[in-house]
Number of protein chains: 2
Amino acid sequence: MKAMLHAATTGAPDIRARGHCLDCAIRQHAVCSDCSAPELDFLTNIKTYKSYKAGDRLLEMGERAAFMGTVVEGVASMSRILSDGRRQVVGLLFPGDLVGRPFSPVSPFDYVAVTDLRVCAFNRPQFETTLRETPALEQRLLEMTLDELDSAREWMVLLGRKSAQEKLCSFMIMAAQRALRLERRRPMDGILIELPLTREDMADFLGLTIETVSRQIGALKKSGVIELIDARHLLIPSWEALEEAAGGELAAV
Amino acid sequence: MKAMLHAATTGAPDIRARGHCLDCAIRQHAVCSDCSAPELDFLTNIKTYKSYKAGDRLLEMGERAAFMGTVVEGVASMSRILSDGRRQVVGLLFPGDLVGRPFSPVSPFDYVAVTDLRVCAFNRPQFETTLRETPALEQRLLEMTLDELDSAREWMVLLGRKSAQEKLCSFMIMAAQRALRLERRRPMDGILIELPLTREDMADFLGLTIETVSRQIGALKKSGVIELIDARHLLIPSWEALEEAAGGELAAV
DNA sequence: CGAACCTTTGATGCTACTCAAGTATTGTGG
DNA sequence: CCACAATACTTGAGTAGCATCAAAGGTTCG
């Protein structure tokens, strides 16, 4: 386990995949969701799995990335660090989301595992060739990219105009929705939310400091919008109250 | 002006296009840039032009948009307004940029002309069919969408982590780069920048108030980073000094 | 059991917001 | 072409919200 801590720089060990793409639990959410059986056969043969521990860096900004991939299990972040150390997380990658920038070998952001992570990886040139030759892949990638663009813009609204409290509530809603989608469930009262990020990652995602994140969570607990199980788990007595406290307007995920 | 305020709902007058796409000045920047001559013939026949005055709304959030288009001349904004009136601009559209959300008839944001505007428009179902049947179009759309996603994420860094002063400088750099790209020129010292936005639109794009925008521009003038010609035009004595004041890290446009 | 990390809490300060007023600039009708 | 209104922009005073600095619990892991 210790040996994997530097997987980011050394490159995580490739584990030749055994399972077939047809049996993949997250295929319906991934770029390969619309592929035919023969196309999945092909992908099965060229895919490998990579594993990372929380904190490992998958790709560094400016690095020529040798692979592209899909998150299978866990959560990763995309972020940028300014020269003086300020950091902004610009996106979270949940199972099904794509790791790496298609058609551009140098990554425009850092990719970091925020939890232990498993990624279904493809050799980059091979993946791009396959993309160009497989309309089902390319069209699905376009669809996913358009959705991500909508999400990024929604997050711009949050970063530019929402209060610290509204940011926290919006984040909780987003985290819940992403988790629920994987289980094909809908938000409801009394639901349990797992926060997959540290206070620091949350702060960097919301454009706040860890102290403000901590204080706002405290305030939400006191006002009854959330119930804290522990630092990473909370209960939502009323989904509607949470949405209200989020300042509304969170459509795309 | 007053009479055009409702162009959005009534629909701006369609002007059957006379010019051929081959002669289009902004084709190289647009979604049709990789199309073959026959493909351009086809597009020529199905395109129309729409004109708007500054302030007109092209599309309203939630509206079922009947058309998609490309900005030919002028600048448009995409924005969202929260229920209490707070507004965030999530993107600017310069000549070549696409108006409307492909494959989703309801617009996720408001589209507003920030200057007088000319748009090359297509009937939406027809455009989407053409997209699916024309790989050159679809692949170019994917490329553009991936670039826009990078830009949106860069802007998230600005909104989340940059100071008011850095935001203003970053905006000036962005405005300059977008204008220069159309003329195939590069940034240089002594360059003239036109700000296509009102102070209010700038504020809403940068997550600030108009007072702060005005004060920061004043401060930049006093410190010599910019020279004001008038409220909408300024001179950059040193491009490098401007980048320095922007806090660095502005790659994609 | 102790070190490292994560989280919370407190005191203080500063950036950017709010409220308010005044100065250009633009557009309109006489 | 001028007078006036409307809009855009600037400037000032006071303040709120979040950041910063500091330190003290908790939790996890070796």
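Throughout, protein chains are lettered first and strands after them, A, B, ... in sequence-line order, and every chain is numbered starting at 1.
- The aromatic rings of A:Trp155 and A:Phe205 lie parallel to each other, their planes meeting at an angle below 30°, with 60° marking the opposite boundary.
- Evaluated for a side-chain contact (heavy atoms from CB on, under 4.5 Å) with B:Thr70, the options B:Asp97, B:Val99, B:Ile26 yield exactly one hit, B:Ile26.
- For the pair A:Gly207 and B:Ala231, both in contact range of DNA chain D, the more 5′-proximal nearest nucleotide belongs to B:Ala231.
- Between B:Thr209 and C:dC17 there is a side-chain polar atom (N or O) within less than 4.0 angstrom of OP1 or OP2.
- The base of C:dC19 is paired with the side chain of B:Glu211 by a donor and an acceptor separated by under 3.5 Å.
- No side-chain heavy atom of A:Pro237 sits under 4.5 Å from any side-chain heavy atom of A:Asp189.
- Both A:Arg161 and A:Val213 lie close to DNA chain C; mapped to their nearest nucleotides by heavy-atom distance, the more 5′-ward contact belongs to A:Val213.
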**OP:** May I have the step-by-step check of side-chain contact (heavy atoms from CB on, under 4.5 Å) for A:Arg101 and A:Ser107, ending in yes or no?
**Re:** CA-CA 6 Å; A:Arg101 168 60 158 89; A:Ser107 173; 5.8 Å; no

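- Closest to the side chain of A:Arg199, out of C:dT7, C:dA16, D:dC18, is C:dT7.
- Cation-pi geometry between A:Arg57 and A:Tyr111 is not satisfied (NZ or CZ under 6.0 Å from the ring centre, within 45° of the ring normal).
- If you check every strand for non-hydrogen atoms under 4.0 Å, B:Arg86 touches nothing.
- Look at A:Ser214 and you won't find any side-chain N or O under 4.0 angstrom from OP1 or OP2 of C:dT7.
- Across the protein-nucleic acid pair, A:Ile217 atom CD1 and C:dC6 atom P stand 15 Å apart, rounded to whole Å.
- Using a 4.0 Å heavy-atom criterion, one finds that A:Thr198 contacts the sugar-phosphate atoms exclusively.
- Per the geometry, CG belonging to A:Asp230 stands 10 Å off P belonging to C:dT7, to the nearest Å.
- Atom CG of B:Leu159 is separated from atom P of C:dA16 by 13 Å (rounded to the nearest Å).
- Relative to the side chain of A:Leu208, the nucleotides C:dA16, D:dC9, D:dC18 differ in distance, and D:dC18 lies closest.
- When the P atom of D:dC18 is taken as reference, atom CD of A:Gln216 falls 6 Å away, rounded to whole Å.
- Put simply, A:Arg215 has no side-chain N or O that comes within less than 4.0 Å of OP1 or OP2 on C:dT9.
- Per the geometry, CD belonging to A:Gln165 stands 18 Å off P belonging to D:dA16, to the nearest Å.
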